[in-house]
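Here it is, the structure, as structure tokens.
All values below come from the heavy atoms of this structure, side chains included, with hydrogens, waters and symmetry mates left out.
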Amino acid sequence: MAWFQWLSIIALFVCVLSCFYHTYRIVRLGKPPEYAQRAGHVGKAVKYAFTGAMSPKIKESAHLHLPTYLAGISYHTGTFLAMFLFFLFLMNGTLGGQTLLILALILGISTLSGVGIFIKRITKKELRSLSNPDDYISNLLVTAFQAITAFYLLYPGLEAIYFIFTALLLFYFPIGKLKHAIYFFAARYHLGLFYGWRGVWPPKPIRK
């Protein structure tokens with residue numbers, strides 16, 4: 001195994017260890033105290049927080065900006081695919097020629113989605129005012145990771161560049177906003193807990 005592959009393994013170990021640390025911090029904080037009287041089903045509300053509440057029909061920020069919502073789905077799909085391929089490459093997995101082309105195409109589309117999201121962030125005044133350097137760095141790192149993965153699928157000679165860049169991404173993961181991959185689940189759980197306790201989620205059907 002080459003040194004750059006070992007570098008990516010070390011980065012992966014640091015990243016996973018950090019994720020466990022952040023998860024431990026979340027669990028250790030426990031549930032926030034509730035002063036309202038229980039009026040609903042928390043379990044159903046938590047389930048709804050991860051399902052129905054994520055629908056563009058429900059999320060105002062989604063149905064008012066549907067192209068961005070779809071680009072975000074494409075972008076995250078590409079990220080999950082690229083991470084899956086990273087583990088496959090570490091285990092020396094092989095893929096057929098046609099499969100390589102299809103995966104590279106999917107990653108190409110997700111890369112363009114990432115570029116589009118980045119351009120929107122820097123051109124929209126409202127988004128610029130809410131952004132900080134970490135927002136731009138995280139976006140660029142993940143977008144470049146998808147692009148490099150796509151090129152590596154087609155040009156195996158880029159092996160060193162691929163593994164070095166992946167290591168950089170994994171080292172950055174715990175210190176930047178990319179760790180929202182951990183906090184996302186905690187945030188959705190607490191939303192379900194809060195609104196479920198008060199009987200707001202899941203919403204009751206409107207009787208006509």
For the backbone of Asp135 and the side chain of Asn132, can you confirm whether one donor and one acceptor N or O come within less than 3.5 Å of each other?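 Looks like yes, one N/O pair under 3.5 Å.
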Does Thr77 reach the side chain of Ser110, with side-chain heavy atoms less than 4.5 Å apart?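 Thr77 vs Ser110: side chains apart.
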Any chance you could lay out the side chain to side chain contact (heavy atoms under 4.5 Å, CB included) test for Tyr136 and Ile122, step after step, and finish with the verdict? CA-CA 9 Å; Tyr136 300 109; Ile122 62 176; 3.3 Å; yes
Determine whether more than 12 heavy atoms belonging to other residues, nucleotides or ligands lie under 6.0 Å from atom NZ of Lys124.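 Atom NZ in Lys124 is not crowded, with 12 or fewer foreign heavy atoms closer than 6.0 Å.
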Is the ring pair Phe86/Tyr162 parallel, tilted or perpendicular, if the boundaries are 30 and 60 degrees?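 Rings of Phe86 and Tyr162: tilted, 30 to 60°.
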Can any side-chain N or O of Ser113 pair as donor or acceptor with the backbone N or O of Ile109 at less than 3.5 Å?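 Pair found, side chain donor or acceptor close to backbone of Ile109.
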Kindly indicate whether the side chain of Gln5, heavy atoms from C-beta on, has any atom under 4.5 Å from the side chain of Phe89.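 Not in contact.
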Please round to the nearest 0.5 Å and tell me the distance separating atom NZ of Lys57 and atom CE of Met54.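 Spacing of NZ (Lys57) from CE (Met54) equals 16.0 Å.
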Give a yes or no on whether Val27 and Leu29 share a hydrophobic cluster (residues Ile, Leu, Val, Met, Phe, Trp, Tyr; joining criterion: side-chain heavy atoms under 4.5 Å apart).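 No, it is not one cluster - the side chains of Val27 and Leu29 are not joined through contacts under 4.5 Å.
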Phe84 versus Thr149: any side-chain heavy-atom pair under 4.5 Å?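 No; the side chains remain at least 4.5 Å from each other.
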Residue among Leu105, Leu85, Thr99, Leu158 satisfying side chain to side chain contact (heavy atoms under 4.5 Å, CB included) with Leu153: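 Exactly one candidate clears the test, Leu85.
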Find out whether Pro32 and Phe194 are in side-chain contact, i.e. whether some heavy atom of one side chain is under 4.5 Å from a heavy atom of the other.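 The answer is no, as the side chains (C-beta and beyond) never meet within the 4.5 Å cut-off.
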Looking at CG of Leu154 and CG of Leu103, how far apart are the two atoms once the value is rounded to the nearest 0.5 Å?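 If we round to the nearest 0.5 Å, Leu154:CG and Leu103:CG are 9.5 Å apart.
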Looking only at non-hydrogen atoms, find the nearest pair between Cys15 and Pro174 and report the distance.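 Where Cys15 meets Pro174 most closely, the heavy atoms are CA-CG, 4.1 Å.
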Determine the minimum heavy-atom distance between Ser131 and Arg121, stating which atoms define it.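 Minimum heavy-atom contact is OG-NH1, 2.7 Å.
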For the student: nearest non-hydrogen atoms of Thr111 and Ala147, plus distance: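 Minimum heavy-atom contact is OG1-N, 3.4 Å.
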Are Leu168 and Phe13 linked, directly or through other ILVMFWY residues, by side chains that come within less than 4.5 angstrom of each other?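 No, it is not one cluster - the side chains of Leu168 and Phe13 are not joined through contacts under 4.5 Å.
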CD/Glu159 to CD1/Ile164 distance, rounded to the nearest 0.5 angstrom?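 One finds 10.0 Å between CD of Glu159 and CD1 of Ile164.
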One pair to check against side chain to side chain contact (heavy atoms under 4.5 Å, CB included): Lys177 and Tyr183. What are the steps and the verdict? CA-CA 10 Å; Lys177 70 172 289 184; Tyr183 287 93; over 6 Å; no
When you look at NZ of Lys179, are more than 12 heavy atoms from neighbouring residues, nucleotides or ligands closer to it than 6.0 Å?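 Yes, enclosed.
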Are Tyr172 and Leu141 packed together at the side-chain level, in the sense that at least one heavy-atom pair is separated by less than 4.5 angstrom?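 Tyr172 reaches Leu141 side chain to side chain.
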So with a 6.0 Å cut-off around CZ of Phe20, is the heavy-atom count from everything else above 12?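 Count not over threshold, so no.
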For Phe151, I'd like to know if atom CZ has over 12 heavy atoms of other residues, nucleotides or ligands within 6.0 Å.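 Count not over threshold, so no.
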Can you measure from CG (Leu178) to CG (Asp134) and round to the nearest 0.5 angstrom?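 Rounded to the nearest 0.5 Å, the CG-CG separation comes to 7.0 Å.
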Does atom CZ (Phe165) have a neighbourhood of more than 12 heavy atoms from anything else shown, all under 6.0 Å?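 Enclosed.
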Can you say whether the rings of Phe80 and His76 are parallel (under 30°), tilted (30 to 60°) or perpendicular (over 60°)?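 Because their plane-to-plane angle lies in the 30° to 60° range, the rings of Phe80 and His76 count as tilted.
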Give the minimum heavy-atom separation between Arg198 and Glu34, together with the two atoms involved.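 That closest heavy-atom pairing would be NH2-OE1, 2.9 Å.
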Would Ile26 and Val16 show up in the same hydrophobic cluster when neighbours are defined by side-chain heavy atoms closer than 4.5 Å?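 The answer is no; the residues belong to distinct hydrophobic clusters.
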Are any of the side-chain heavy atoms of Phe163 and Trp3 separated by less than 4.5 Å?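 A side-chain contact is absent here, since even the closest heavy-atom pair is not under 4.5 Å.
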Got a second to check how far Lys44's NZ is from Thr51's OG1, nearest 0.5 Å?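 Nearest 0.5 Å value for the NZ-OG1 distance: 12.5 Å.
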Check the pair Met83 / Leu170 against side chain to side chain contact (heavy atoms under 4.5 Å, CB included), numbers first and verdict last. CA-CA 10 Å; Met83 285 306 302; Leu170 291 171; 4.2 Å; yes
Within the side chain of Tyr75, is there an N or O that forms a donor-acceptor pair under 3.5 Å with the backbone of Asn139?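 Yes.
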Can you tell me if Trp197 uses its side chain to pair, donor with acceptor, with the backbone of Ala36 under 3.5 Å?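 Answer holds: yes.
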Okay, side chain of Arg128, backbone of Thr123: is any donor-acceptor separation there less than 3.5 Å?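 Yes, Arg128 side chain to Thr123 backbone: donor-acceptor pair under 3.5 Å.
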Please determine whether the number of non-hydrogen atoms from other residues, nucleotides or ligands lying under 6.0 Å from atom OH of Tyr21 exceeds 12.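 Counting neighbours around OH of Tyr21, 12 or fewer heavy atoms of other residues, nucleotides or ligands fall under 6.0 Å, so no.
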Measure the OH-CG distance between Tyr152 and Leu107 for me, rounded to the nearest 0.5 Å.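 If we round to the nearest 0.5 Å, Tyr152:OH and Leu107:CG are 14.0 Å apart.
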In terms of hydrophobic clusters joined by side-chain contacts under 4.5 Å, are Val142 and Leu70 together?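 No, no single cluster joins them.
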What's the shortest heavy-atom distance between Val42 and Leu193, and which atoms?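 Between these two residues, the closest heavy atoms are CG1-CD1, 3.5 Å.
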Ala45 to Gly196 - nearest heavy-atom pair and separation: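 Closest approach of Ala45 to Gly196, heavy atoms only: CB-CA, 3.2 Å.
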Can you tell me if His22 has over 12 outside heavy atoms packed within less than 6.0 Å of its NE2?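 Yes, because the 6.0 Å sphere around NE2 of His22 holds more than 12 heavy atoms from other groups.
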Cluster question for you: counting only ILVMFWY and a side-chain heavy-atom cut-off of under 4.5 Å, with indirect links fine, are Leu17 and Ile10 together?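 Result: no, two separate clusters.
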So, Ser18 side chain and Val14 main chain: donor-acceptor pair closer than 3.5 Å or not?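 No, the answer is negative, given that no donor and acceptor are paired below the 3.5 Å cut-off.
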Atom CZ of Phe50 with >12 non-hydrogen neighbours under 6.0 angstrom: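 Check passes, neighbour count above 12.
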